[in-house]
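Naming convention: chains lettered A, B, ... in sequence-line order (proteins, then strands); numbering from 1 in each chain. Just so it is clear, the model here is predicted, and its values are computed rather than measured.
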Amino acid sequence: MASSPPAAPSNFLRDIIAEDVKSGKHGGRVQTRFPPEPNGYLHIGHAKAICLDFGLADEFGGHTNLRFDDTNPEKEDIEYVESIKNDVNWLGFRWDGLYYASDYFGQLYEWAIKLIKDGNAYVDDSSAEEIRKNRGTLTEPGKDSPYRNRSVEENLNLFERMRAGEFPDGSRVLRAKIDMSSPNLNMRDPVMYRILHARHHRTGDKWPIYPMYDFAHGQSDSLEKVTHSMCSLEFADHQPLYNWFIAQLGIFPSRQIEFDRLSLTYTMMSKRKLRRLVEEGRVTGWHDPRMPTLSGMRRRGYTPEAIRNFVTAAGVSRTNGIVELAMLEHFVREDLNKRALRVMAVLKPLKIIIDNYPENQVEEMDAVNNPEDASAGTRKVPFSRVLYIEQDDFREDPPKGYFRLSPGREVRLRYGYFITAKSLVKNEKGELIEVHCTYDPATRGGNSPDGRKVKSTIHWVSAAHAVDAVVRNYETLFSKENPDDVAPGQDFTANLNPNSLEVIADAKLEPSLASAAVANRYQFERLGYFCVDPDSKPGKPVFNRTVALKDTWAKVERKHKG
RNA sequence: UGGGCCGUCGACUAAUGGUAGGUCAAGUGCCUUUGGAGCACUUUGUCUAGGUUCGAAUCCUAGCGGCCCAGCCA
């Protein structure tokens, strides 16, 4: 059972849409789109945009398209479009229309011709360097290009020849004729088309010229009759241009609305930097469970419900904030608590021998699969004379407040018996090898008939029945909340957490886990949530720790140590 | 420095001129065959200074602080 999503708080996007619907704008119709560029994998930041684009449209009975903004063939690849489709679906959303900006190359070309004929666009022979120089600066206006006042005929002729592939890359561009002295740099005769003799993953070699984002995005929205085009804050300066093209072309007036991106502590959303991590081998790939990509989180064991609930709870505004990772982890635990089956697993084994338990006896103990969900039923767990418990669950010299096993103390083995530690065996180096205990046969199942209480219940696995497993524990990829907070001369890689991955080669699992299917999620009692990694082999499962359980004792101990 | 956007508990976010509320985090207690979960409670906030108003987080002015923009990337 998935957790119920938090009540959606009001936000300015919903307010705008609600008002438009109420006033009957566009006949009350709501159409949105999610427009990724297929040049990388989707991350948790995109999940916010996806939830907004799909979620808001859905709330108002509207529709959402998935549109690939594939106007830069040099960076894009079919691999990315497939992963993006997969991730959107995994998150739980279904698009109405599937489009590509490249579907519109023909129409865009026609519209460029119209702008030229109307005297609103011109071919510029300047080099990129010259264009940059003439653009001016933040404080100084730009200068008109010497090619700005070419005749319509000449512009038409040149642009048609650009399209025909007559000119080399970078030799000319088509520019909108707006205002070289605008305080908004985007309005200083922005480039509409560049020459790029590059093979496009969908249109092949058909086009030697490609439209820029600014000459594709708004028009694509318009073609799809998008009513509310939501994008991130850094595009706010592009809105006047977005509107300008729509007005000059006299086409459907889509409206752009900007919102803040999602930022999270201890990670980063920059595709460029994530790509570096992948390419430099700092992680195992885009799917590495430490990555903030949706594919990484999926492999880590995060659920789509948890991510959606988190995104909703984090909200949306126009403020640049950074959400604490702890909040995401809260929603992951909340969701998994309700759905994950409980099992017993010992990550760092310590051998326990119950001296007064019959040598060859095995008992099948009843264990509850999920205390949050009675319908999950029960299972049998074998109990025998030699067990493993967690090394952390025994202290020869227990500190104050430590309730677990220690010499002379009695604890409960979950679903098993009360046991008391009697003696220790150490190796020649003085390291603890095994603990000899006695058990109380009257406490089977974990209850004492005399009403005797123990302060602690610990988990265990029967040594003879244990399944060996590899367990990968993850910490944050970066050791600083803000990975970009570095000393001069360093970059974000200096903040990589050297302990972000801990591989445990010899964890001991209860036998029910021998055939756990890939991607299945479990709670290892008292430890955390874990899911089965695709690297698993028959008889040798590999588990990823999704998130640890809250650890009150660790907190207490930390405080005592100061 | 020109333009744009934005400043509310430690974090995120509501309050649409009329009781500053919610979630996370932190803390306390209860409960517990997971030191889990759950339940109850608690702490902390409107960037500053003026102004308008019966009344300002909200409107106005100024200041301070942050983010974005000078790709033939998106």
Side-chain angles (χ1 to χ4, degrees), chain A residues 6-7 9-12 15 35-37 39 69-72 74-76 124 126-128 131-133 135-142 169-175 182-188 190-196 209-210 212-214 216-217 231-240 258 260 262 265 271-272 310 312-331 333-334 337-338 342 344 368 371-372 401-404 412-416 445-447 454-459 481 523-528 549-556:
Chain A
S10 97
N11 68 58
F12 76 102
D15 292 346
E37 183 190 13
N39 68 344
D69 239 332
D70 55 349
T71 56
N72 185 1
E74 293 181 320
K75 290 187 176 171
E76 297 156 8
D124 194 333
S126 306
S127 66
I131 288 180
R132 187 179 58 74
K133 273 212 312 250
R135 189 158 21 231
T137 67
L138 294 178
T139 51
E140 303 155 47
D169 288 2
S171 58
R172 286 180 169 81
V173 291
L174 182 70
R175 291 228 257 170
S182 170
N184 182 342
L185 295 265
N186 294 115
M187 300 298 272
R188 318 241 265 229
V191 172
M192 295 164 58
Y193 269 95
R194 75 280 216 190
I195 300 173
L196 229 49
I209 55 172
Y210 290 92
M212 297 288 289
Y213 164 87
D214 284 308
H217 199 95
C231 64
S232 45
L233 240 26
E234 69 269 25
F235 291 99
D237 287 343
H238 293 248
Q239 201 189 126
E258 310 86 16
D260 62 342
L262 173 69
T265 55
K271 261 190 215 176
R272 205 190 92 247
F310 162 70
T312 302
V316 60
S317 70
R318 290 174 71 89
T319 322
N320 281 309
I322 303 169
V323 181
E324 290 174 351
L325 212 221
M327 188 160 168
L328 207 208
E329 293 188 330
H330 162 80
F331 285 98
R333 287 193 192 96
E334 180 189 67
N337 176 50
K338 288 174 185 141
R342 273 59 169 175
M344 291 197 284
V368 174
E372 302 287 321
Y402 184 87
F403 302 146
R404 285 112 96 151
R412 173 189 296 112
L413 291 175
R414 177 145 235 223
Y415 305 124
N447 287 306
V454 289
K455 281 197 122 169
S456 180
T457 301
I458 65 179
H459 61 277
E481 284 199 5
Q523 184 195 99
F524 289 1
E525 292 215 34
R526 303 208 304 130
L527 297 175
L549 250 26
K550 283 202 195 164
D551 190 343
T552 306
W553 165 242
K555 208 182 281 183
V556 169

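Computed from coordinates, the A:N72 CG to B:A74 C1' distance equals 8 Å when rounded to whole Å. The NE2 atom of A:H330 sits 15 Å away from the C1' atom of B:A26 (whole-angstrom rounding).
Residue-to-nucleotide contacts include no donor-acceptor pair under 3.5 Å from the side chain of A:D551 to the base of B:G36. Below the 3.5 angstrom threshold, one finds a donor paired with an acceptor across the side chain of A:E324 and the base of B:G10. With hydrogens and angles ignored, no donor-acceptor pair closer than 3.5 Å exists between the side chain of A:E234 and the base of B:G4. You'll find a donor-acceptor pair under 3.5 Å spanning the side chain of A:R404 and the base of B:G35, going by distance alone.
Backbone-only engagement by A:K555 is indicated by non-hydrogen atom pairs under 4.0 Å involving sugar-phosphate atoms exclusively. Using a 4.0 Å heavy-atom criterion, one finds that A:G170 contacts the bases of the nucleic acid, with or without backbone contacts as well. Among the protein residues, A:P240 comes within range of no part of the nucleic acid, since none of its heavy atoms lies under 4.0 Å from any strand. Within 4.0 Å (heavy atoms only), A:Y210 reaches no atom of the nucleic acid at all. At a threshold of 4.0 angstrom between heavy atoms, the contacts of A:R318 are confined to the sugar-phosphate backbone, with no base atom among them. Across all strands shown, A:D260 has heavy atoms under 4.0 Å from sugar-phosphate atoms exclusively, and none from any base. Nucleic acid contact for A:D237: base, since at least one base atom lies under 4.0 Å from a heavy atom of the residue. No contact: A:E258 has no heavy atom under 4.0 Å from any strand.
Of the candidate nucleotides B:C24, B:C72, B:C5, B:C72 has the atom lying nearest to any side-chain atom of A:V173. Of the candidates B:G35, B:A14, B:G71, the closest approach to any side-chain atom of A:F403 belongs to B:G35. The nucleotide whose nearest atom lies closest to any side-chain atom of A:D15 is, among B:A15, B:U8, B:G35, B:A15. If you check B:G2, B:C73, B:U34 against the side chain of A:M212, the one that comes closest is B:C73. Across B:C72, B:U34, B:A14, the shortest atom-to-atom separation from the side chain of A:I131 is found for B:C72. Listed nucleotides B:G36, B:A74, B:U23 differ in distance to A:F331; the shortest reach to its side chain belongs to B:U23. Residue A:V323 places its side chain closer to B:C12 than to any other of B:A74, B:C72, B:C12. Side chain of A:N337, nearest nucleotide from B:G3, B:A15, B:A37: B:A37. Comparing B:A37, B:C69, B:C24 against the side chain of A:K550 picks out B:A37 as the nearest. Here the side chain of A:D69 is nearest to one of B:G2, B:U13, B:A74, namely B:A74.
Checked by atom type, the side-chain pair A:S182/A:N184 shows no donor-acceptor distance below 3.5 Å.
Both stacking criteria are satisfied for A:W553 over the base of B:G35: a centre-to-centre distance under 5.5 angstrom and an angle between ring planes under 30 degrees.
Pairing for B:A70 is absent, judged as Watson-Crick or G-U wobble with the two contacts each under 3.5 Å.
The C1' atoms of B:G2 and B:G10 are separated by 36 Å, rounded to the nearest whole Å. For the P atoms, the distance linking B:C12 with B:U19 amounts to 25 Å, nearest Å. Rounded to a whole angstrom, the distance from the C1' atom of B:C68 to that of B:A74 is 15 Å. As rounded to the nearest Å, B:U58 and B:U8 have C1' atoms that lie 11 Å from one another. Separation of the C1' atoms belonging to B:G7 and B:U13 is 14 Å when rounded to the nearest angstrom. For B:U23 and B:A40, the P atoms lie 10 Å apart once the distance is rounded to whole Å. B:C9 and B:G45: their P atoms are spaced 9 Å apart (whole Å). When the C1' atom is compared between B:U44 and B:G63, the two are found 27 Å apart, to the nearest whole Å.
A glycosidic torsion no more than 90° from 0 defines the syn conformation; B:G66 lies beyond that range and is anti.
Within the 4.0 Å cut-off from OP1 or OP2 of B:C72, at least one side-chain nitrogen or oxygen of A:R135 is found.
With contacts defined as side-chain heavy-atom distances shorter than 4.5 Å, the pair A:V191/A:D124 does not qualify.
Counting all heavy atoms, side chain and backbone alike, A:H217 lies closest to A:D69 at ND1-OD2, 2.7 Å. Of all heavy-atom pairs between A:E76 and A:T71, the closest is OE2-N, 3.5 Å.
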